[in-house]
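Beneath this line is the structure, given in structure tokens, with notes to follow.
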Amino acid sequence: MLTRLAINDVVLIDKLALDLRPGLCAFTGETGAGKSILLDALGLALGRRSDAAFVRQGCAQAAVTAAFDLPRAHAANGLLEEQGLPVEDELLLRRVVGQDGKSRAFVNDQPASIAFLRLLGEYLVEIHGQFETHGLLDPATHRVLLDAFGKCAAQAAKVAQTFGVWRDALDAHEQAAADIQRAREEEAFLRAAVTELDRLAPQQGEAEILTARRTRLQNAEKITEALQHAAQALESEQGAEARLNEASRSIARITDKAGEPAAALLATLDRAGNELAEALQQLERLMRDADLDPDTLNEVEERLFALRACARKHNAPVDDLGRVRDDLAARLERLEHDGDILAALAKKAAAARHAFEQEARTLSRQRSKAARELQELVAAELSPLKLERAKLYVELQELPEAQWNAGGTDKILFLASTNPGTAPGPLHKIASGGELARFMLALKVVLAEADPIPTLVFDEVDTGIGGATATAVGERLARLARQVQVLVVTHSPQVAAKAGAHYRVSKAVRGGAAFTAVTLLDDDKRREEIARMLAGAAVTDAARAAADSLIGGDASPRKRARN
């Protein structure tokens, strides 16, 4: 609900901080006092069009801030999260308008676009009477509202789920058909590519092995020379083996004389001899197995270059050529079984379509029942509002298959007529001013639990009515206010008497300039204001008594709170 409205330098308002109550809030005052300015200011905070005329004369800018208290799960908070804006305990919408008419918008003190401010506003406040609004006047909301009214949410969820399954099945069939068509167009290429890969028979890790072998072969001369030099250094007459043997013989001759140290040295020389023998064996194996034949280099390079060329052709790493071959072979295999594949997918899609149609028909029956009930309930509300000739029509139009969607197969429209024999039309075209506002009031009363908008504003709802009709309007506003916050700008004492909170809008002149003020009335001042509305300029005791009668006969939320 709307909890606060702060207005600075907007037309006749210099500075106003208005705390708002839940339930029904009535705004009254003399004609020209500035009630419409309040709605204009609220409209600015909700993203309505700005104009330099909003800026109070002599001021640099106008500013309006609207504060809302919302449940955490409210759709407006979801919009904030989508935009990366902070979700706070209180939602603040602020609009600043300069002397040039250009404006800036802020949401929770973060800069935002005017379009986003307007989108948020559509989820928060609906205004009837002064300027066109969305909500019930927008046909896009009618299906959601009817489903909520008829408690069709569970069935609507089934329809959405089966529609998704059907669309997925259709997409799978279409994708398979496209793949098969492409494969048919590429069949010659596929067969040649699979044959080439089968002939090449690439192995995992083969490129790395060939690269290392190629490096050895390219350095064959240096490797051979190094091995031969090592063998000569170890095995020649002056090599390590001969010298080590000679050293061992010399030490062996003195071990009985030199004692333990000589024996330990001889053991070390023996171990060195064994290690040297092992090294010679490894050297012989390396020279024998080195595979350094220069002719082999050409074979290795040809194989390596063939693998790399094939990988470039298929735009894949060499190690993925085996997978590429399997993918191409699978596409060829699908060609051989394409008829069976497409038939199976088509059968699955047909079954999914049938399931969707079954659930959609069930939902349509529920909607038809809800539509009849909604029409009957609204009709019962219209007569007391002096709209006895008006009628609501809830039309369910079957959509062509191309327009079926997750919401089902129905297009739902709320239409109305104001006179017998006239064709029903869109809600906003049936009437204007108070008549339309009263029609919307009747509809809102019936849809109170189904409509998620937390604050409703009615302006001109009492235009051209009085007496019992005005009382009926007040009663319905009060009933509606049990579900949502309702703000009503009214000239009717019968309507004002039903309010739980009563605000008086007044205009005064200070220093040669006009100022608008808004005051929350206590019980005594409220009585005096309603008496003024009844009697006019001269408030009489009879008018006060009549005001007491109106207020006293009202079990208003405010009175209940005191009791």
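Treat the numbers as computed from the prediction; the structure is a model and nothing was measured. When reading the values below, keep in mind they use all heavy atoms of this one structure, side chains included, and skip hydrogens, waters and symmetry mates.
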Run R532 and E529 through salt bridge (charged side-chain N to carboxylate O under 4.0 Å, His left out) and show every step you take. CA-CA 5 Å; R532 181 200 63 78; E529 174 67 3; 2.8 Å; yes
Please walk me through it: do K507 and E30 pass salt bridge (charged side-chain N to carboxylate O under 4.0 Å, His left out)? CA-CA 9 Å; K507 183 168 64 175; E30 300 282 0; over 6 Å; no
Report the C-alpha distance between E381 and R479 in whole Å, list the side-chain angles of each, state the deciding distance to 0.1 Å, and finish with yes or no for salt bridge (charged side-chain N to carboxylate O under 4.0 Å, His left out). CA-CA 12 Å; E381 298 292 336; R479 281 168 50 198; 2.9 Å; yes
Apply side-chain contact (heavy atoms from CB on, under 4.5 Å) to residues E174 and D171 and explain how you reach the verdict. CA-CA 5 Å; E174 291 173 4; D171 290 344; 4.1 Å; yes
Full working for side chain to side chain donor-acceptor pair (under 3.5 Å) between D410 and S364: CA-CA 7 Å; D410 306 312; S364 294; 2.7 Å; yes
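A donor-acceptor pair is defined here as one N or O able to donate and one able to accept, closer than 3.5 Å; such a pair exists between the side chain of Q155 and the backbone of E359. At distances below 3.5 Å, not a single donor-acceptor pair connects side-chain atoms of N8 with backbone N or O atoms of A62. Looking at H142, its side chain does come within 3.5 Å of a backbone N or O of F414 through a donor-acceptor pair. Using a distance-only test at 3.5 Å, with no hydrogens or angles considered, a donor-acceptor pair links the side chain of T3 to the main chain of A67. In terms of modelled atom types and a separation under 3.5 Å, the side chain of R104 and the main chain of A112 share no donor-acceptor contact. Panel note: side chain R367, backbone L363; no donor-acceptor pair is recorded below 3.5 Å.
Atom-to-atom distance recorded for L18:CG and L520:CG is 8.0 Å, nearest 0.5 angstrom. Atom CG of L46 sits about 12.0 Å away from atom CG of L119, to the nearest 0.5 Å. The CG atom of L392 sits 11.5 Å away from the CD atom of E376 when rounded to the nearest 0.5 Å.
Between D522 and K525 no salt bridge is recorded (no basic side-chain N to carboxylate O distance below 4.0 Å). Between E395 and K411 no salt bridge is recorded (no basic side-chain N to carboxylate O distance below 4.0 Å). D14 and R510 are joined by a salt bridge, as a carboxylate oxygen and a charged side-chain nitrogen come within less than 4.0 angstrom of each other. A salt bridge between R72 and E81 is present, with a side-chain N of the basic residue lying under 4.0 Å from a carboxylate O of the acidic one.
Annotation: F149, atom CZ; neighbour count of heavy atoms from other residues, nucleotides and ligands within 6.0 Å is above 12. More than 12 heavy atoms of other residues, nucleotides or ligands shown are found within 6.0 angstrom of CD on Q358. Within 6.0 Å of atom CZ in R361, more than 12 heavy atoms from other residues, nucleotides or ligands are found, so the atom counts as buried in its surroundings.
Taking the side chain as every heavy atom from C-beta outward, P384 and T469 never approach each other to under 4.5 Å. V488 has its side chain out of reach of F27: every pair of non-hydrogen atoms, C-beta onward, lies at least 4.5 Å apart. In this structure, L447 and L374 have side chains that are in contact, with non-hydrogen atoms separated by less than 4.5 Å. Taking the side chain as every heavy atom from C-beta outward, K15 and I7 never approach each other to under 4.5 Å. No side-chain heavy atom of R4 sits under 4.5 Å from any side-chain heavy atom of T65. Put simply, the side chain of F356 reaches to within 4.5 Å of the side chain of V159, judged on heavy atoms. Contact check for E401 versus R353: side-chain heavy atoms found under the 4.5 Å cut-off.
For the side-chain contact (heavy atoms from CB on, under 4.5 Å) with L16, the qualifying choice from I37, V64, L38, T516 is L38, the only one to do so.
Remark: the T409 side chain and the E398 side chain contain no N/O donor-acceptor pair separated by less than 3.5 Å. Of the N and O atoms on the side chains of T28 and H491, not one donor lies less than 3.5 Å from an acceptor on the other residue. If you check the side chains of T362 and R365, you find a donor sitting under 3.5 Å from an acceptor. Side-chain N/O atoms of T490 and D462 include a donor and acceptor closer than 3.5 Å. A donor-acceptor contact under 3.5 angstrom links the side chains of H128 and E126, judged on distance only. Using a 3.5 Å distance cut-off with no hydrogens or angles, the side chains of S103 and R95 do pair a donor with an acceptor. If you check the side chains of Q99 and Q61, you find no donor sitting under 3.5 Å from an acceptor.
Cation-pi geometry between R56 and F515 is met: under 6.0 angstrom from the ring centre, within 45 degrees of the axis.
The aromatic rings of W166 and W404 sit tilted relative to each other, their planes meeting at an angle between 30° and 60°.
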